[in-house]
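Some notes on the structure that comes next.
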Amino acid sequence: MTLETEFERVSLPLENPFTIARGTQTDAENAIVRITDEAGMTGVGGAAPSSHYGETADTVEAVLPDLLAAVERVGDPHALHEIETELASVVNDNPAARAAVSIAVHDLAAKRLGVPLHRLWGLDPREAPATSYTIGLDETERVREKAEAAVEAGYPVLKIKLGTDRDRELIDAVREAAPDARIRVDANEAWTPREAVRKCEWLADRNVEFVEQPVPAEDPEGLRFVYERSALPIAADESCVTLSDVPAIANRCDIANLKLMKTGGLLEARRLIAAARAHGLEVMCGCMIESNASIAAAAQLAPLLDYADLDGSLLLAEDPYDGVDLSGGEIRLGDCDRAGTGARLRSE
């Protein structure tokens, strides 16, 4: 079988500047991968690299030709294990680049069989949890306005970025604006262990659901310190990058947070989920700020998750790709009868 491959680099403006403890983002540099079979059927995938993990749009662009050449050598889009093994052997790092290719191959394989990807895996779409909607760091009144707008738009779960000397003020503003919402907090490594324990106490009083990555990933004992003393469950994100990290975080958190852009592909993501379950952890899937070319694929994993944070495409001013319907926070896999991941160009 002959496969044709191509990719393009795209810059996607955000609807509003997005700020976390590490900095502010106004646009998202993504890469779109397309793999086409002899019948003209095309699988689509997306890369959303993060410099925090040593990857940029430039590095993605540099390695994609080698990754796509590996797919062409294998030649069979249904040889998913062989392809992902080959991708990892060709490029060991650059997980976002590998994820884009993995997504495109999975999309094509499911399209060739005429089924949505979650159905190919045998998953029940009714088991998908709601996705959270993220509110970045901002002035207090602006955070309040964003929380009110999210509630009015029907989002039942809000994820609030913290990591400033105004954390208590910000969370109080959100709770006032959204008294009935489920609220999660993400500190993005900004707190010290003792600070995290103190903040978890008053966050628990405000009915926060859990706290994500309270301390730096480079401080595993600090994470353990918080986990053993926290009034709230703890999720590991920056501390849980690949499958091999799962045993190390098993006695340091309650929830493993995976991202396709960290795992390097869908096969590795499913392995990480299984490993987290085996270690007694709950599982969340998050995302970078991404096009639906990749968010739609992450959504296919939703029935395997306890929590979802897949709002990356919702933060864009405009996404060239459509995907699984996430309006109001519900992941409507069962309402989408498109084969593959569900991603397609809006112009189509």
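Starting from 1, each residue takes its place in the sequence as its number. Computed over heavy atoms, backbone and side chain alike; hydrogens, waters and symmetry mates excluded.
In this structure, a donor-acceptor pair under 3.5 Å is present between the side chains of S327 and R332. Under the 3.5 Å distance criterion, with hydrogens and angles disregarded, no donor-acceptor pair is assigned to the side chains of E290 and N30. Looking only at atom types and distance, the side chain of T242 has no donor-acceptor partner in the side chain of E268 under 3.5 Å away. Side-chain polar atoms of S239 and R252 form no donor-acceptor pair below 3.5 angstrom.
One finds the CZ atom of R270 at 8.0 Å from the CG atom of L301 (value rounded to the nearest 0.5 Å).
Under a 3.5 Å cut-off, the side chain of E55 and the backbone N or O of A97 do form a donor-acceptor pair. Side-chain atoms of K262 never come within 3.5 Å of backbone atoms of Y53 as a donor-acceptor pair (strictly under, hydrogens ignored). Checking side-chain atoms of D107 against main-chain N and O of I103 turns up no donor-acceptor pair under 3.5 Å. R98 places a side-chain N or O within donor-acceptor distance of the main-chain N or O of D93, the cut-off being under 3.5 Å. A side-chain donor-acceptor contact under 3.5 Å links R206 to the backbone of W202. Remark: side-chain polar atoms of S230 are not paired, donor with acceptor, to backbone N or O of Y227 under 3.5 angstrom. Under the 3.5 Å distance criterion, the side-chain polar atoms of D319 are left unmatched by any main-chain donor or acceptor of S313.
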Take I255 and R184 through the side-chain contact (heavy atoms from CB on, under 4.5 Å) test and state the conclusion after the steps. CA-CA 12 Å; I255 304 161; R184 301 163 185 171; over 6 Å; no
Trace of the side-chain contact (heavy atoms from CB on, under 4.5 Å) decision for L108 with D37: CA-CA 8 Å; L108 178 57; D37 67 8; 4.1 Å; yes
Apply side-chain contact (heavy atoms from CB on, under 4.5 Å) to residues R168 and K199 and explain how you reach the verdict. CA-CA 8 Å; R168 190 188 295 256; K199 290 190 173 184; over 6 Å; no
Given the rule in the side-chain contact (heavy atoms from CB on, under 4.5 Å) test, do L67 and V33 qualify, once you have shown the distances and angles that lead to the verdict? CA-CA 11 Å; L67 293 171; V33 167; over 6 Å; no
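The one candidate from L68, V90, L3 that meets the side-chain contact (heavy atoms from CB on, under 4.5 Å) condition with R73 is V90. Of the options T19, D138, N188, a side-chain hydrogen bond (donor to acceptor under 3.5 Å, both in side chains) to K161 is made by N188 and by none of the others.
Ion pair E8/R34 flagged as a salt bridge, since at least one NZ, NE, NH1 or NH2 atom sits closer than 4.0 Å to an Asp/Glu carboxylate oxygen.
Taking a 6.0 Å sphere around CD of E169, one finds it holds more than 12 heavy atoms contributed by other residues, nucleotides or ligands. With a 6.0 Å radius and a threshold of 12 heavy atoms from other residues, nucleotides or ligands, R229 has its CZ atom above the threshold. Around atom CD of E318, no more than 12 heavy atoms belonging to other residues, nucleotides or ligands sit under 6.0 Å away.
Taking D311 as the reference, nothing meets the salt bridge (Lys or Arg N to Asp or Glu O under 4.0 Å) condition, with sequence neighbours excluded.
Closest non-hydrogen pair, Q213 versus D237, comes out as OE1-N, 2.8 Å.
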